[in-house]
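Right, one structure below, let's go through it.
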Protein chains: 2
Amino acid sequence: MSRIAVDAMGGDHAPAEVVWGAVAAARAGHTVSLVGDEERIRSVLDEAEADLEIVPASQVIEMADDAAKAIRDKRDASVAVAARLVADGEADGFVSAGSTGAAMAAAALIMGRLPGVTRPAIASLFPNHTVILDSGANVNCRPEDLGQFAVMGSALAQIHFGIESPRVGLVNIGEERGKGRDLEKETYRLLEQMPGINFIGNIEGRDLATDRAEVFVTDGYTGNVIIKTAEGASRLTLSLTLEAISDPGLQEAVAALGPSIAGLRHRLDPENTGGGHLLGVDGVAVIAHGSSSRVAIVSAITLAAEGIEGDLPNRISDGLARAAALAG
Amino acid sequence: MSRIAVDAMGGDHAPAEVVWGAVAAARAGHTVSLVGDEERIRSVLDEAEADLEIVPASQVIEMADDAAKAIRDKRDASVAVAARLVADGEADGFVSAGSTGAAMAAAALIMGRLPGVTRPAIASLFPNHTVILDSGANVNCRPEDLGQFAVMGSALAQIHFGIESPRVGLVNIGEERGKGRDLEKETYRLLEQMPGINFIGNIEGRDLATDRAEVFVTDGYTGNVIIKTAEGASRLTLSLTLEAISDPGLQEAVAALGPSIAGLRHRLDPENTGGGHLLGVDGVAVIAHGSSSRVAIVSAITLAAEGIEGDLPNRISDGLARAAALAG
């Protein structure tokens, strides 16, 4: 049974929503430890009439802190203690809705990177069996980084979508070879020759609505722009839909469809995708949205559990080693 | 009365759909000249029982052609002749659904750039009073290019949205100053100091669904990724909406909402935004989607007419001159 350390102090609504989410996940069968201010966590647990393990941590990293410096200086910060539980083998993965930079720094510095990984990347999952990486860890990337993202994203897609040979696409501004910046041109040539990768060529943002690829590879600036644009466009489309059907004569029909539309809103809400895996570090690390509600925390814990059960870090290591051996 | 030269040979469904679209625009009051193969255009006009002016052009630029080279070699290409009509003052603007590269090269080489413009940019309009530029003309940009995009996009937003002082946002991966790549960091400092620009700071793709800014400034790679991601996410949301309400028990309600949903699909369909203005060239140039239907051609002609009536090129010149004078 995998054990997940949850940073109870990270997030806009911490610790209350995080603790409530952890309680719900525990009731659904997950083994969860809460890391942070013992007294504050205990008070929420009492309210929830639950009894989860608490691992005390006396410090908190604030959003304004310099992340890498804070991880070094605040050794008893909740996210650092959570990462240390994983590094020491006392937990199999951690979840944090706190500062993304701090969670990345904690994972990279305390758990360490997997052998050969140059840059860990954040992989975001979309509701339609798509994973996009890097979605924000590295604003500047080299072609070889994107090559590693292809391997790491494929491992994640294998586990989460149950696909043996996930299709990998390179995000670009056209389908034809030779499109894009130098980064895309060079990465195209690299991915084409890379063993163990099912590279299908260039893809575009519009392929979020097609079935061309499961893994979208791009740099962290572009990936971040993609997930936020998709969020904005999806919200705009839903609000225009509601506006389009706001005619008073249609209210009976709208009422009949209400529950279905509400279900869809829930499914599309980025809060409910649970956040993203940080790939390339030695252990499972899930970075949840800062605004996570208890529902989002349950999703993030579930995401971490799936990664642990699928042996994500080892699968990534194997993939990178195989690619290196075949290429060499 | 403004006169618009339409490249009848450009686009996946040329000349038929282009000519039908031009006829519809003429019937709605626009003055349109069709540029291209006289015989083929005449045959569609006969079918439409219409009589528009034809300006003969014997050559066509294919999608596979090298755009800049083709403009120099094929002097009688339809898009080159259309641009020449504008350069010679015989038309006030042109519309082409052919190769984007060829239309850009025709505008820049034949009509010429406005004084001081380093890089013309494609500006795409979104249904919610938003303009994004550059959306594909320049994959690599410098901060000073993005500064010019801010001025040019503001002029376009003034005309098309009727806003006196459009709010300009810099596309980035977070709202805080100091986010992003070197390009964003340097552009932020530039826009902050730029006179005549209503700069509101960093914006994100999710702001497509908010009311924070009318002008989204970014490089052509990122802008292209944004418009295609928005298209994909919007399609995905609509198709998931239809899936969510596909329960047999809801069909009566769905039928009642059908016309409203169809209207929304039409409004969100990128075909119906009419394409984008090429800004920074000496005259109005609208680049329509290659897959343009007759409806899309009407939208593109309307877009061009609005730019002409709003005196778009002069307004851009004035804005650039004012910014240069105030900065100097």
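So that the names make sense, note that chain A is the first sequence line, chain B the second, and so on, each numbered from 1.
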Between B:D207, B:N224, B:T229, the one whose heavy-atom pairs under 4.5 Å with chain A are most numerous: B:T229
Can B:V171 and A:Y221 be said to form a side chain to side chain contact (heavy atoms under 4.5 Å, CB included), step by step? CA-CA 10 Å; B:V171 174; A:Y221 179 86; 4.0 Å; yes
Can you tell which of A:I227, A:V225, A:T218 has the highest number of heavy-atom pairs within less than 4.5 Å of chain B? A:V225
Okay, B:N172 and chain A: the region with an atom under 4.5 Å from a heavy atom over there is both
Which region of B:E184, side chain (C-beta onward) or backbone (N, CA, C, O), has a non-hydrogen atom less than 4.5 Å from a non-hydrogen atom of chain A, or is it both or neither? side chain
Minimum heavy-atom distance between [X] and [Y], given as atom pair plus value:
{"X": "B:A209", "Y": "A:R235", "value": "CB-CB, 3.8 Å"}
{"X": "A:R181", "Y": "B:N140", "value": "CG-OD1, 3.8 Å"}
{"X": "B:S234", "Y": "A:A233", "value": "N-CB, 4.5 Å"}

Could you give the distance from OG1 (A:T222) to CG (B:D219), rounded to the nearest 0.5 Å? 8.0 Å
Say you draw a straight line from CZ of B:R206 to NZ of A:K228; how long is it, rounded to the nearest 0.5 Å? 5.0 Å
